[in-house]
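Small disclaimer: the values here were computed from a predicted structure and weren't measured. Per chain, numbering begins at 1; letters A, B, ... match sequence-line order.
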Number of protein chains: 2
Amino acid sequence: MNQTTQERIIAQAIACIAQNSGASMDEIAKAAGVGRATLFRHFKSRAELMLAIKLNAGLKLQAAVGPVFDTQLPAREKLLKVITQLIPLGASLNVSAYFDHPVRDQDPRVLAPYMDCMERTRQLCLDLKAEGDVHSDIPVSWLVASIDSLVFAAWEKVESGDIAPKQAPWLVLSTFLTGHGTGQTAAWFTQQKDVHQ
Amino acid sequence: MNQTTQERIIAQAIACIAQNSGASMDEIAKAAGVGRATLFRHFKSRAELMLAIKLNAGLKLQAAVGPVFDTQLPAREKLLKVITQLIPLGASLNVSAYFDHPVRDQDPRVLAPYMDCMERTRQLCLDLKAEGDVHSDIPVSWLVASIDSLVFAAWEKVESGDIAPKQAPWLVLSTFLTGHGTGQTAAWFTQQKDVHQ
DNA sequence: CTCAAATGATACTTTAAAGTCTCACTTGAG
DNA sequence: CTCAAGTGAGACTTTAAAGTATCATTTGAG
């Protein structure tokens with residue numbers, strides 16, 4: 001492979017931490033097929049390695065979705081493209097879930113890419129509403145949250161082999177836009193909601 | 001309050017670990033308003049405390065959803081009730097996310113409640129299909145995954161104060177059954193899907 | 001009030017993992 | 001070939017947190 005040692009270490013560290021958030025430097029070194037000493041030569045402390053992983057994830061995130069957000073496409077098409085870009089990021093992003101949530105991270109260099117992505121997703125949802133693509137009575141924060149969580153779920157299912165990588169974006173989008181219910185259920189649901197609210 | 005010391009310790013330990021998965025026994029003791037020694041009197045090791053938290057989460061899960069699964073209601077009504085029960089569990093369940101995923105836990109006593117709940121959710125989704133409530137062409141594993149992830153997202157949003165606790169189940173259910181799209185978008189989506197697949 | 005049980009404070013030991021250092025070995029550019 | 005740069009192995013020190021032990025204090029049932 002043409003990966004540098006540093007890159008290999010980061011990749012394997014991500015894999016280790018995904019399995020066990022408390023993975024030791026020893027385990028990480030072994031996973032990366034590298035001596036302990038070499039690991040410390042590249043990252044002078046555990047904290048520095050963790051930071052590198054987080055920064056790496058932020059860069060991947062921006063590289064994946066930045067260009068899409070920058071286009072002038074209709075919101076719904078942007079949405080499809082964003083989802084499609086996001087899913088294959090998989091573990092490198094989900095690292096977020098294994099550390100403390102990136103949104104709580106102290107370091108602004110770690111925080112920024114996530115905040116940026118979130119804010120732009122929020123804007124995208126506002127556009128979806130404005131362009132008449134989603135119902136206007138759903139809270140924007142729920143729109144953002146449901147996209148996030150569905151993408152996360154899709155990645156997990158792709159990873160576990162339950163759904164095909166190419167199918168994933170369509171499942172997310174269809175869940176988000178049309179849901180899984182039939183006409184029959186939609187009627188029941190509306191009625192229930194009226195009764196209970 | 002009428003909570004025993006043990007209960008208070010467990011509750012506060014959950015809160016600590018939700019913020020920082022590597023929280024020390026010292027931090028947990030302080031959070032519980034208890035001396036270090038007392039903490040170790042109740043749980044003779046960190047591992048034992050962690051186990052207690054996990055078992056506790058399993059019990060809560062079963063108490064919340066078991067009775068609903070046991071009823072003979074139509075699948076769609078069961079679904080609404082399960083979601084409604086699940087959301088308020090919040091942090092105690094999400095502990096799952098901060099430890100290693102419960103599905104990967106070694107101890108069968110930790111594993112069992114999750115496996116059971118998952119299997120019954122799966123059965124529920126099959127019933128939803130059988131009763132004509134959801135489209136039959138969606139993979140069951142995706143149905144289960146989308147419920148899971150939407151419930152998780154709803155809990156987070158309730159916790160952060162973005163959506164009202166009573167509104168949460170309806171948001172989850174409406175996302176799952178009808179999605180957020182308008183008629184306009186549904187047409188576009190179907191067309192896109194045909195083009196790309 | 002009295003005493004047993006539980007607690008808090010704190011000093012102590014142990015342990016696991018982080019981090020350092022040295023040295024012999026590989027490898028690839030010149 | 002030669003040498004500099006990077007590496008692996010492993011012994012070593014340091015550190016932070018786990019876990020233990022002791023004792024004085026609190027508390028609540030009788």
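Between Asp26(B) and Lys30(B) there is a salt bridge, with a side-chain nitrogen of the basic residue lying less than 4.0 Å from a carboxylate oxygen of the acidic one.
Partners of Ser146(B) by side-chain hydrogen bond (donor to acceptor under 3.5 Å, both in side chains), not counting sequence neighbours, listed by chain and number: His180(A). Every residue was checked against the side-chain hydrogen bond (donor to acceptor under 3.5 Å, both in side chains) condition with Glu119(B), not counting sequence neighbours, and none meets it. Taking Glu131(A) as the reference, nothing meets the side-chain hydrogen bond (donor to acceptor under 3.5 Å, both in side chains) condition, with sequence neighbours excluded. Scanning for ring-ring contact (aromatic ring centres under 6.0 Å, His included) contacts around Phe69(A) gives an empty result, with sequence neighbours left out. Residues satisfying the salt bridge (charged side-chain N to carboxylate O under 4.0 Å, His left out) test with Asp162(A), not counting sequence neighbours, are Lys157(A). Every side-chain hydrogen bond (donor to acceptor under 3.5 Å, both in side chains) that Arg120(B) has, sequence neighbours left out, goes to Asp70(B).
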> Which dot-bracket notation, 5' to 3', represents the base pairing of DNA chain D when pairs are defined as Watson-Crick or G-U with both distances under 3.5 Å, crossing pairs as [ ], and inter-strand pairs as |?
Replying inline: ||||||||||||||||||||||||||||||
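Between the C1' atom of dT20(D) and the CZ atom of Phe43(B) lies a distance of 18 Å, rounded to the nearest Å.
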> Once each nucleotide of nucleotides 3-19 of chain C is scored for protein heavy atoms under 4.0 Å, what B/S/- sequence comes out, 5' to 3'?
Replying inline: ----BBB-------SBB
Hey, can you pull the donor-acceptor pairs under 3.5 Å for the side chains in residues 55-62 of chain B, sequence neighbours left out?
{"residue": "Lys60(B)", "atom": "NZ", "partner": "Ser92(B)", "partner atom": "OG", "Å": "3.4"}

